[in-house]
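Just below is one structure, and these are the notes that go with it.
Side chains are part of it too, since the values below use all heavy atoms of this structure and drop only hydrogens, waters and symmetry mates.
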Amino acid sequence: MTKTILVTGGNQGMGLEMATELSELGQTVIIGSRSVEKGQAAVKQLAQSNLQIDFVQLDVTNRTSIDAAIQYITDEYGHLDTLINNAGIAVDDHVAPSQLSTEKMRQDFEVNFFGLVDMTQASLPLLKKAPEGRIINISSMMGSHVAALDPNSEVFGASATGYQASKSAANMFTIQLAKELKQSHVNISVNAVDPGIVATNFGGTPAQQSAARGAKSPKAGVARTIELATADHVTTASFTNTKGIVPW
């Protein structure tokens, strides 16, 4: 069955890869982009591959922008099957936690946590109109307390306190919202996905990331998200990647 799917931060990187693959699978895809110019350019680029993807201006840190986007989707589609909260930033620049400014931390939180929460809450009325609503939050193993303390973890040596804390906060929102909706018998699943380190412009150029940290391709990075978005049925309150369960 064709689903209507909104991908925030969908004009580039993993968001654009998600939009491309979901459209290729026959889904109705809307990409949200803070920049109108970049959003329109992405849609034009995809149209060259005969992919018809919609675009809505969307800045998850701006409630007026969120409300306008929700109104557009309401008017054009009437409901939303899946929200993929992909928009995110990392501005820590590997500064030690004893030196990282709270101003930088707040920037991480504005997008990765507060923006995600605002976007999700605003989307709930549309998601409730779907036969089976889905919320997929793009998180990171870097937000896992267990992984951060495990010397054998691939993220043990990472130091991006603002980014990591914002993802930990988003994980807790994922858990609590999933519990609330399940207890209220609302048919909406809420899950978090760890894409791993992906070669996009997020946190540096693809070449820099590939050389320095062995980054995977965008296609590999979005694989688990595509699975959750297209599966016949999914569980709720999970944190996973392509290898399986990720510790909260």
Working note: Ser166 + Asn112, criterion side chain to side chain donor-acceptor pair (under 3.5 Å); need CA distance, chi angles, decisive distance, verdict. CA-CA 6 Å; Ser166 68; Asn112 301 341; 3.1 Å; yes

Test log, rule side chain to side chain contact (heavy atoms under 4.5 Å, CB included), inputs Val60 and Leu116: CA-CA 7 Å; Val60 299; Leu116 180 148; over 6 Å; no

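For the atom pair Ile188 CD1 and Leu127 CG, the distance stands at 5.0 Å (nearest 0.5 Å).
Judged purely by atom type and a 3.5 angstrom limit, Asn191 uses its side chain to pair as donor or acceptor with the backbone of Ser238. In this structure a side-chain-to-backbone donor-acceptor pair under 3.5 Å is present from Ser144 to Ala147. At distances below 3.5 Å, not a single donor-acceptor pair connects side-chain atoms of Gln27 with backbone N or O atoms of Thr2. In this structure a side-chain-to-backbone donor-acceptor pair under 3.5 Å is missing from Asp93 to Val95. Judged by distance alone, with hydrogens and angles left aside, the side-chain atoms of Ser65 form a donor-acceptor pair with the main-chain N or O of Asp59 at under 3.5 Å. The backbone N or O of Ala42 lies less than 3.5 Å from no partner atom in the side chain of Asn11, so there is not a single donor-acceptor pair. When atom types are taken as modelled, the side chain of Ser33 and the backbone of Gly10 share no donor-acceptor pair closer than 3.5 angstrom. Checked by atom type and distance alone, the side chain of Gln164 pairs as donor or acceptor with a backbone atom of Met142 at under 3.5 Å. A donor-acceptor pair under 3.5 Å is absent between the side-chain atoms of Ser184 and the main chain of Val186, judged by distance alone. Checked by atom type and distance alone, the side chain of Ser159 never pairs as donor or acceptor with a backbone atom of Ala96 at under 3.5 Å.
Looking at heavy atoms from C-beta onward, Thr74 lies in side-chain contact with Leu126 at the 4.5 angstrom threshold.
Remark: the Asp67 side chain and the Gln71 side chain contain no N/O donor-acceptor pair separated by less than 3.5 Å. With 3.5 Å as the limit, one finds no donor-acceptor pair spanning the side chains of Ser139 and Asn137.
Here ring pair (Phe, Tyr, Trp, His ring centres under 6.0 Å) pairs that include residues 169-193, with residues two or more places apart or in two chains, number zero. For residues 57-93, there are no ring pair (Phe, Tyr, Trp, His ring centres under 6.0 Å) pairs, not counting sequence neighbours. Within the structure, salt bridge (Lys or Arg N to Asp or Glu O under 4.0 Å) contacts touching residues 116-140 (residues at least two apart or in different chains) are Arg63-Asp118, Glu132-Arg134.
The residues Arg106 and Glu103 are annotated as not salt-bridged, no charged nitrogen and carboxylate oxygen being separated by less than 4.0 angstrom.
Placement of Met18 and Val43 within a single hydrophobic cluster is found when ILVMFWY residues are connected by side-chain heavy-atom separations under 4.5 Å, directly or transitively. Grouping the Ile, Leu, Val, Met, Phe, Trp and Tyr side chains by contacts below 4.5 angstrom, directly or via other members, places Leu51 with Ile226.
Residue Val198 forms a side chain to side chain contact (heavy atoms under 4.5 Å, CB included) with just one option from Lys216, Lys219, Glu17, and that option is Lys216.
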